Every structure is written in structure tokens, then in C-alpha cells.
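Here the structure is laid out as C-alpha cells; the discussion comes afterwards.
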Protein chains: 2
Amino acid sequence: MLKKRNVMTIGTLARTAGVGVETVRYYQRRGLMSEPEKPYGGIRHYDEQALARLHFIRASQWLGFSLDEIGELLTLQDGDHCDEARELGEQKLTSVRRKISRLQQIERALNELVQKCSSGHGDVYCPLMASLNDGVEDATTDKHKVR
Amino acid sequence: MLKKRNVMTIGTLARTAGVGVETVRYYQRRGLMSEPEKPYGGIRHYDEQALARLHFIRASQWLGFSLDEIGELLTLQDGDHCDEARELGEQKLTSVRRKISRLQQIERALNELVQKCSSGHGDVYCPLMASLNDGVEDATTDKHKVR
DNA sequence: ATTGCTTCCGTAGTGAGGTACGGGTCTAAG
DNA sequence: CTTAGACCCGTACCTCACTACGGAAGCAAT
């Protein structure tokens with residue numbers, strides 16, 4: 001008993017996955033998804049696999065992988081390359097942890113500044129601005145790229 | 001006794017602040033820094049104020065302000081607008097905290113996946129890939145923008 | 001005086017991840 | 001049968017923060 005596969009147009013596919021039609025087409029152009037053959041003169045249809053692929057991409061993106069990295073992951077898809085996949089995962093984990101601690105530093109600094117601003121309200125000058133003018137105490141000590 | 005002010009060329013200024021010459025010129029075009037008058041047919045010189053401005057910009061950037069927001073901050077520079085500045089700071093603080101908790105979620109998920117990958121090594125399939133294929137457990141439940 | 005590094009200045013390109021547009025074709029509802 | 005709404009497709013445009021390019025002119029040392 002062959003259950004007829006859930007067939008969708010690109011619009012339905014996109015809506016179901018919560019992305020825009022243009023985004024799906026963009027992923028196709030990037031080579032992250034294949035374009036199904038189109039029936040002569042007609043409209044392409046997409047199945048569950050396409051939807052799964054879209055989920056894969058969004059899930060990976062959510063984990064901080066770039067589209068290029070996702071492309072890499074996709075070449076490892078058969079499950080035979082667990083080590084490579086884990087390696088990529090570990091790299092991401094490291095970079096996520098770096099980001100977290102940088103943001104925590106920033107949070108502490110910003111919090112302190114805002115606190116000062118709220119309390120010492122008698123003065124004429126603004127402590128936040130003052131700190132920014134001084135370079136936020138050792139924030140600019142790392143003179144590297146901010147990006 | 002007038003101490004002759006520390007005068008720099010754009011190159012020295014940039015190097016001192018740890019940015020590129022092009023970056024300084026870019027900030028000028030963006031209206032974040034002024035261009036000093038140039039002596040007839042000659043080379044512009046920059047003083048400590050310009051350097052301070054550059055520090056201000058980098059410090060603010062480090063705190064997560066965009067160049068547009070930094071422009072706003074700069075219009076509040078006189079210190080008479082402490083409330084507005086604090087308001088901006090608080091907004092940033094909120095967004096930084098959001099980012100942190102999002103990243104912490106990601107960290108937990110990624111860590112778990114990598115752990116699984118390292119341990120259960122007898123199977124043929126890769127747990128990381130498997131999870132990505134399933135959508136990372138409720139990661140894709142929030143079907144919104146990843147950006 | 002010649003080499004060689006800066007500076008000056010405008011314009012254009014980069015990368016990441018899309019989003020928008022416009023003209024043409026299909027399909028489904030009324 | 002007409003019309004509204006998808007779809008198809010290529011190309012152009014967007015944001016953000018830079019970065020590069022290229023030619024002319026200045027300045028410092030040899």
C-alpha cells in the first residue's frame with residue numbers, strides 16, 4: 001500500500017518550514033538544496049525530504065553554523081563521518097563559548113555603567129559617556145578588531 | 001606656557017588607535033569624526049581629541065553599539081542628556097542578555113550532541129547528524145528568524 | 001635628485017544572508 | 001471565461017562595517 005507522498009509546492013514548503021520562498025530558492029542557488037525536476041512546463045513539487053533538508057539547515061544555523069559550514073555538514077550526511085561531524089561540532093562549541101564569555105564581560109561593563117548612571121544623579125556629567133570617553137576601562141585594551 | 005599639541009597624520013592616528021587609515025576615513029564619511037581643515041595643499045593633522053573620539057567609537061562598538069547608535073550617542077555628548085544615554089545603555093544591556101541566554105541554550109545543545117558523538121561510538125550513524133536531521137529538539141520550534 | 005613611503009580623494013568591491021522586483025506562465029475558484 | 005493568486009526565473013538591491021584600488025601629489029632620507 002503505497003501512501004502517496006505529501007507533495008508540496010515551493011510556497012507550501014516554505015511556509016511549512018517557516019522561511020520565505022526566496023530563501024528556499026536562495027538555498028538552491030547556494031547548492032544546499034536541489035531543485036526537483038519540473039514536469040514539462042509545470043510547477044516543481046517538493047516532498048518530505050526537502051522539508052527535512054530545510055529543517056536541517058535551520059537547525060544547524062540555529063547552532064551557529066554558517067551556510068558554508070552547513071554545506072560541509074551536508075557532505076558528511078551519510079553518518080559514516082561521525083568523527084568529522086563531531087570535530088566541526090567541537091569547533092563551534094569552542095567559538096560559542098568564546099562568544100558567551102565576551103558577551104558576559106560586556107554585560108558586566110554595561111551593567112556597571114548603567115547602574116552608575118541611575119544612582120549618581122546629582123552630577124552634571126554622565127558616567128556612561130565619561131566611561132566611553134575613557135575607553136570603558138580596558139575594553140579598548142584589546143586593540144583588535146571588534147567585528 | 002603653551003605645550004605644543006601632539007600632532008599626528010592620519011596614518012599615525014590610525015596606528016595609535018589600532019585601526020586602519022581607511023577606517024578613519026570611513027568614520028569621517030559616516031559623520032562620526034570631523035575632517036580637520038587642511039593647510040593649503042598639504043596634509044591634515046589630527047590631535048588628541050581625534051584620538052579620543054576614535055577610542056570612544058571603539059569602546060562603544062565593543063559594547064555592541066552599531067555605528068548608527070554611536071552617532072546618536074555622540075549627539076548626547078555634552079553630558080546633559082544622561083537619561084537618554086542611560087536609556088540607550090539599558091536597551092543594549094537587554095539585548096546583550098538576550099544574546100547570552102540564546103548562546104547558552106545553543107551551548108547546552110551542542111555540548112550534548114558532541115558528548116553523544118564521542119561516547120556512543122559503536123553505532124553506524126552519527127548522533128549529531130541525527131539530531132540535526134530531527135531539528136535539534138525544539139530548536140526549530142521557534143520558527144522565527146535565525147539572524 | 002631620485003627613491004620610496006604616505007597622504008589625499010573618490011569610487012567600487014567584499015561577505016553573509018537574504019529580500020525585492022518584474023514579467024511571464026499556471027492553476028483553481030467562481 | 002475571467003480573474004486572483006501561486007509559481008518560475010533572472011537580476012538587482014539591501015545592511016553593516018569595512019577594505020581595496022588607482023592616480024596624483026607631498027615629504028623624508030639618501
Side-chain angles (χ1 to χ4, degrees), chain A residues 7-47 50 54 56-74 92 95 99 143-147, chain B residues 7-47 50 54 56-74 92 95 99 143-147:
Chain A
V7 154
M8 297 171 272
T9 69
I10 195 173
T12 313
L13 173 69
R15 238 171 294 112
T16 310
V19 305
V21 169
E22 303 302 329
T23 304
V24 174
R25 297 193 1 84
Y26 174 68
Y27 291 163
Q28 292 173 336
R29 285 196 304 268
R30 293 275 306 230
L32 298 176
M33 299 187 59
S34 54
E35 282 186 87
E37 292 304 312
K38 79 169 170 183
Y40 305 97
I43 277 171
R44 299 175 203 284
H45 32 59
Y46 297 82
D47 59 8
L54 225 28
F56 181 97
I57 295 172
R58 299 308 269 192
S60 307
Q61 256 188 323
W62 183 81
L63 288 175
F65 292 96
S66 72
L67 295 186
D68 276 355
E69 288 168 325
I70 294 170
E72 275 182 76
L73 283 171
L74 285 167
K92 261 311 139 196
S95 98
K99 277 185 203 164
K143 295 221 180 280
H144 329 25
K145 313 264 136 183
V146 168
R147 299 174 92 173
Chain B
V7 154
M8 297 171 272
T9 68
I10 195 174
T12 314
L13 173 69
R15 238 170 294 115
T16 309
V19 305
V21 168
E22 302 303 328
T23 305
V24 174
R25 296 194 1 86
Y26 174 68
Y27 291 162
Q28 293 174 335
R29 287 195 303 265
R30 293 275 307 230
L32 298 176
M33 299 185 61
S34 54
E35 282 186 86
E37 292 303 313
K38 79 168 168 182
Y40 304 99
I43 277 170
R44 298 176 205 283
H45 33 57
Y46 297 82
D47 59 8
L54 226 28
F56 180 98
I57 295 172
R58 299 308 267 192
S60 307
Q61 259 188 318
W62 183 80
L63 287 174
F65 292 96
S66 71
L67 294 186
D68 276 355
E69 288 168 325
I70 294 169
E72 275 182 75
L73 282 172
L74 284 167
K92 263 309 140 193
S95 100
K99 277 186 204 165
K143 294 223 181 281
H144 327 24
K145 312 262 136 185
V146 168
R147 301 174 89 173

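In the text below, chain A, chain B and the rest are named by the order of the sequence lines, each starting its count at 1. Keep in mind that what you see is a predicted model, and the values were worked out from it rather than measured.
- Side-chain N or O atoms of A/Lys92 include none that pairs as donor or acceptor with a backbone N or O of A/Phe65 at under 3.5 Å.
- For DNA chain D, the residues of residues 24-31 of chain B within the heavy-atom distance limit of 4.0 Å (strictly under) are B/Tyr26, B/Tyr27, B/Arg29, sorted by number.
- To the nearest 0.5 angstrom, A/Glu37 atom CD is 10.5 Å from A/His45 atom NE2.
- When the C1' atom of C/dT7 is taken as reference, atom CZ of B/Arg15 falls 12 Å away, rounded to whole Å.
- When the C1' atom of C/dA16 is taken as reference, atom CD of A/Glu69 falls 12 Å away, rounded to whole Å.
- The separation between A/Glu37 atom CD and D/dC9 atom C1' is 16 Å, rounded to whole Å.
- The side chain of B/Val21 sits closest to C/dT7 out of C/dC8, D/dA17, C/dT7.
- Between the CZ atom in A/Arg44 and the OG atom in A/Ser34 there is a gap of 10.5 Å [rounded to 0.5 Å].
- The side chain of B/Thr9 approaches C/dT7 more closely than any other nucleotide in the set C/dC9, C/dT19, C/dT7.
- Between the CD atom of A/Gln61 and the CG atom of A/Leu32 there is a distance of 9.0 Å, given to the nearest 0.5 Å.
- Considering only the side chain of B/Thr23, D/dC18 comes nearest among D/dC21, D/dC18, C/dT19.
- Rounded to whole Å, atom P of D/dA6 lies 17 Å from atom CE of A/Met8.
- B/Glu22 places its CD atom 16 Å from the P atom of C/dT14, with the value rounded to the nearest Å.
- In this structure, B/Arg44 atom CZ and D/dG26 atom P are separated by 14 Å, rounded to whole Å.
- Atom-to-atom distance recorded for A/Tyr27:OH and A/Leu54:CG is 7.0 Å, nearest 0.5 angstrom.
- As a whole-Å value, the separation of A/Gln61 CD from C/dA16 C1' is 10 Å.
- Rounded to whole Å, the distance from CG on B/Asp68 to C1' on D/dC16 is 9 Å.
- When the side-chain nitrogen and oxygen atoms of B/Lys38 are compared with OP1 and OP2 of C/dC9, one or more of them lie within a distance under 4.0 Å.
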Considering only distance and modelled atom types, tabulate donor-acceptor pairs under 3.5 Å from the side chains of residues 19-26 of chain A, sequence neighbours left out.
{"from": "A/Tyr26", "atom 1": "OH", "to": "A/Arg30", "atom 2": "NH1", "distance (Å)": "3.1"}

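- Side chain of A/Asp47 to main chain of A/Ala50: a donor-acceptor pair is present (N/O by atom type, distance under 3.5 Å, no hydrogens or angles).
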